[in-house]
Number of protein chains: 2
Amino acid sequence: MMIMEPRLYTTSADYVYQELRHRIVTKQLKPGQRLPEVNIAVQMGVSRTPVREALRRLASEGLVLIIPNSGARLASPTRREMEDTYAVREQLECISVSIAATRISERNLRRLDDAILEEENAFAEKNLEFYLEVNENFHRIIAESSGNRVLAEFVENILARTNAYVVFYDPFYDIAENPSIAQHKAIALALKAKDREKAVELMREHLKLSLFDLKKPA
Amino acid sequence: MMIMEPRLYTTSADYVYQELRHRIVTKQLKPGQRLPEVNIAVQMGVSRTPVREALRRLASEGLVLIIPNSGARLASPTRREMEDTYAVREQLECISVSIAATRISERNLRRLDDAILEEENAFAEKNLEFYLEVNENFHRIIAESSGNRVLAEFVENILARTNAYVVFYDPFYDIAENPSIAQHKAIALALKAKDREKAVELMREHLKLSLFDLKKPA
DNA sequence: CCGTCTGTGATAGCATGCATGTATTCATGT
DNA sequence: ACATGAATACATGCATGCTATCACAGACGG
């Protein structure tokens with residue numbers, strides 16, 4: 001059973017941001033759909049101001065497209081854009097895992113294991129939103145473990161993109177078929193062994209397969 | 001003589017954004033300095049709203065730090081952060097130039113030459129702001145020539161960071177000493193020759209030296 | 001003398017109203 | 001029927017006022 005835990009946020013703008021991402025991942029919003037400020041503001045019980053901020057933040061992550069004086073619409077990435085995004089992601093994550101392999105702390109190795117356990121829970125529950133969230137965590141922990149904050153920031157950005165794209169592009173995405181968890185375990189092992197080459201290779205393979213899976217249905 | 005051409009902008013928020021970047025590059029603002037919304041709003045003759053938007057955009061580029069309920073301050077990057085930023089930049093620009101080497105259009109090759117000519121003008125005038133702007137252009141054109149828009153977007157972001165950092169970190173940055181233009185010419189030649197390996201190698205070297213130059217004075 | 005608590009000032013967060021620009025619709029003419 | 005144009009409805013951009021929160025200073029107690 002799914003318990004909707006209370007979302008944590010510091011400001012209304014942050015709340016709207018999270019809520020919009022939630023609605024994207026749960027397919028309540030469709031690619032290309034218009035996102036009028038008032039509309040969202042009323043639905044979420046806030047004024048237009050925090051909505052504007054949230055929309056602009058999402059725009060910086062490539063999830064919405066804002067045209068000045070005209071408004072915001074949800075992104076509708078082409079296959080090409082998806083491939084482009086994954087190309088960038090591969091670069092960032094490979095360098096990320098490469099550095100992490102030599103620097104990762106014991107604590108973060110444990111966090112990695114925890115994330116994998118959570119992935120298995122999400123897998124068991126067949127809860128896509130939860131699954132995407134913890135999947136994101138796995139990659140986030142590795143990025144943080146690189147010790148390079150700018151890199152981590154960029155990875156964070158591109159994780160937001162790709163996770164949304166998964167939902168946009170693949171409405172029937174089946175987590176049962178996805179071998180990601182096994183790949184994550186392998187990457188975690190390589191990191192524990194401080195095997196840089198192996199970790200990079202596995203990560204590259206993992207991302208290539210993710211993209212491949214994504215391209216199948218559409 | 002320097003003619004201040006009228007800045008083009010579509011919205012007030014965009015104007016404030018550009019004006020703030022201008023003030024950063026012309027050293028009117030100091031690293032770590034507080035940036036109260038009202039303060040800026042009054043100075044620029046607009047209300048707080050567009051200022052907020054501009055500040056948040058700058059925050060997404062790592063140029064300002066926003067603490068909720070507390071306010072914005074100009075970034076004050078440590079040497080470590082600078083190195084981290086350049087590490088990311090190297091990844092992005094190397095893949096960028098690598099792809100561009102096989103795809104770049106004749107038109108963009110000409111734009112590249114134009115950019116280099118402008119760099120020489122800026123060099124002759126010893127105009128740091130102008131120089132940074134056209135330097136940015138050179139790298140921007142290469143990123144665009146990759147044909148990967150997401151990549152170009154990320155490069156754009158990191159260019160904003162590094163160019164600001166130049167000013168932050170190196171108040172006496174001497175464009176006369178900087179061998180960048182010669183390196184840019186070499187990169188352009190490699191691109192014309194479609195020599196992928198060479199272009200990447202030159203770009204990597206170029207960025208390494210840029211970072212090295214930056215680290216000298218501080 | 002130092003730590004803690006409290007009040008006061010200042011600043012960001014948010015709501016709202018007005019102005020401006022855009023999109024849609026409908027009428028008009030060819 | 002189609003293209004063109006004006007009018008209208010609507011959404012965004014911006015300004016302003018109010019409220020909540022934070023930072024700092026001074027008072028109080030240990």
Side-chain angles (χ1 to χ4, degrees), chain A residues 6-24 28-76 153 160, chain B residues 6-24 28-76 153 164:
Chain A
R7 290 168 196 286
L8 298 174
Y9 52 89
T10 54
T11 65
S12 290
D14 196 48
Y15 163 68
V16 174
Y17 168 78
Q18 290 182 39
E19 181 62 27
L20 281 174
R21 281 195 63 179
H22 169 69
R23 294 191 184 185
I24 291 172
Q28 296 175 260
L29 300 173
K30 290 184 172 57
Q33 172 177 348
R34 294 196 60 186
L35 301 171
E37 293 173 359
V38 269
N39 199 325
I40 298 167
V42 172
Q43 282 179 39
M44 302 197 184
V46 298
S47 78
R48 286 173 48 215
T49 314
V51 173
R52 279 176 70 83
E53 277 181 19
L55 286 174
R56 275 153 209 285
R57 189 167 158 202
L58 289 165
S60 79
E61 288 169 346
L63 298 191
V64 318
L65 179 69
I66 293 179
I67 299 168
N69 281 316
S70 174
R73 26 184 16 121
L74 200 56
S76 57
E153 207 177 308
Chain B
R7 288 166 198 285
L8 298 174
Y9 51 89
T10 54
T11 65
S12 290
D14 195 48
Y15 163 69
V16 175
Y17 168 78
Q18 290 182 40
E19 180 62 24
L20 281 173
R21 281 196 64 179
H22 170 69
R23 292 191 186 185
I24 291 171
Q28 295 174 258
L29 299 174
K30 290 183 173 57
Q33 172 178 346
R34 294 197 59 186
L35 301 172
E37 293 173 0
V38 270
N39 199 325
I40 298 168
V42 171
Q43 282 179 40
M44 302 196 183
V46 297
S47 79
R48 286 173 49 212
T49 314
V51 173
R52 279 177 69 83
E53 276 181 21
L55 286 173
R56 285 176 149 64
R57 188 168 159 200
L58 289 165
S60 79
E61 288 169 346
L63 298 190
V64 318
L65 179 69
I66 294 180
I67 298 168
N69 283 314
S70 175
R73 22 184 19 121
L74 200 55
S76 55
E153 205 177 309

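If you're wondering where the values come from, they're calculated on a predicted model, not measured in any experiment. Below, chains carry the letters A, B, ... as their sequence lines are ordered, and counting in each starts from 1.
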>> Just the rounded figure in Å: distance from C1' of dA15(D) to CD of E37(B).
In response: 14 Å
> Looking only at heavy atoms, what is the nearest atom pair of A54(A) and A13(A), with distance?
Replying inline: CB-O, 3.7 Å
>> By nearest atom, which of the nucleotides dT16(D), dC14(C), dG13(D) is closest to the S47(B) side chain?
In response: dT16(D)
> Just checking R73(A): base, sugar-phosphate only, or nothing, at a heavy-atom cut-off of under 4.0 Å?
Replying inline: nothing
> To the nearest Å, how far apart are I67(A) CD1 and dA11(D) C1'?
Replying inline: 13 Å
> Atom CG of L55(B) to atom C1' of dG13(C): distance rounded to whole Å?
Replying inline: 14 Å
>> Closest-nucleotide mapping onto DNA chain C: is T10(A) or R34(A) further toward the 5' terminus? I mean the 5' end.
In response: T10(A)
> Over how many whole Å does the gap from I66(B) atom CD1 to dT11(C) atom P extend?
Replying inline: 16 Å
>> Using a strict threshold of under 4.0 Å (side-chain N to carboxylate O), is an ion pair present between R23(B) and E19(B)?
In response: yes
>> Closest approach to the side chain of N69(B), judged atom by atom: which nucleotide of dA15(C), dC22(D), dT11(C) is it?
In response: dC22(D)
> Is the shortest heavy-atom distance from the side chain of R57(A) to the side chain of D14(A) under 4.5 Å?
Replying inline: yes
>> Could you tell me how far apart Y15(B) (OH) and dC14(D) (P) are, to the nearest whole angstrom?
In response: 13 Å
> Within the pair R56(B) and dG13(C), is there a side-chain N or O less than 4.0 Å away from OP1 or OP2?
Replying inline: yes
> Under 4.0 Å between a side-chain N or O of S70(A) and OP1 or OP2 of dA23(C)?
Replying inline: yes
> D14(A) has an atom CG; how far is it from atom P of dC14(C), in whole Å?
Replying inline: 9 Å
>> Is R48(B) close enough to dC18(D) that one of its side-chain N or O atoms is under 4.0 Å from OP1 or OP2 there?
In response: no
>> Using a heavy-atom cut-off of 4.0 Å across all strands, would you classify T49(A) as base, sugar-phosphate, or nothing?
In response: base
> Do M44(B) and L20(B) come close enough that some side-chain heavy atom pair is under 4.5 Å?
Replying inline: yes
>> Whether S12(B) contacts dC14(D) is assessed here as follows: a side-chain N or O lying under 4.0 Å from the phosphate OP1 or OP2. Is that the case?
In response: yes
> Under a 4.5 Å cut-off applied to non-hydrogen side-chain atoms, are E53(A) and R56(B) in contact?
Replying inline: yes
> Is any side-chain N or O of R52(A) closer than 4.0 Å to OP1 or OP2 of dG13(D)?
Replying inline: yes
> To the nearest Å, how far apart are N39(A) CG and dA11(D) C1'?
Replying inline: 11 Å
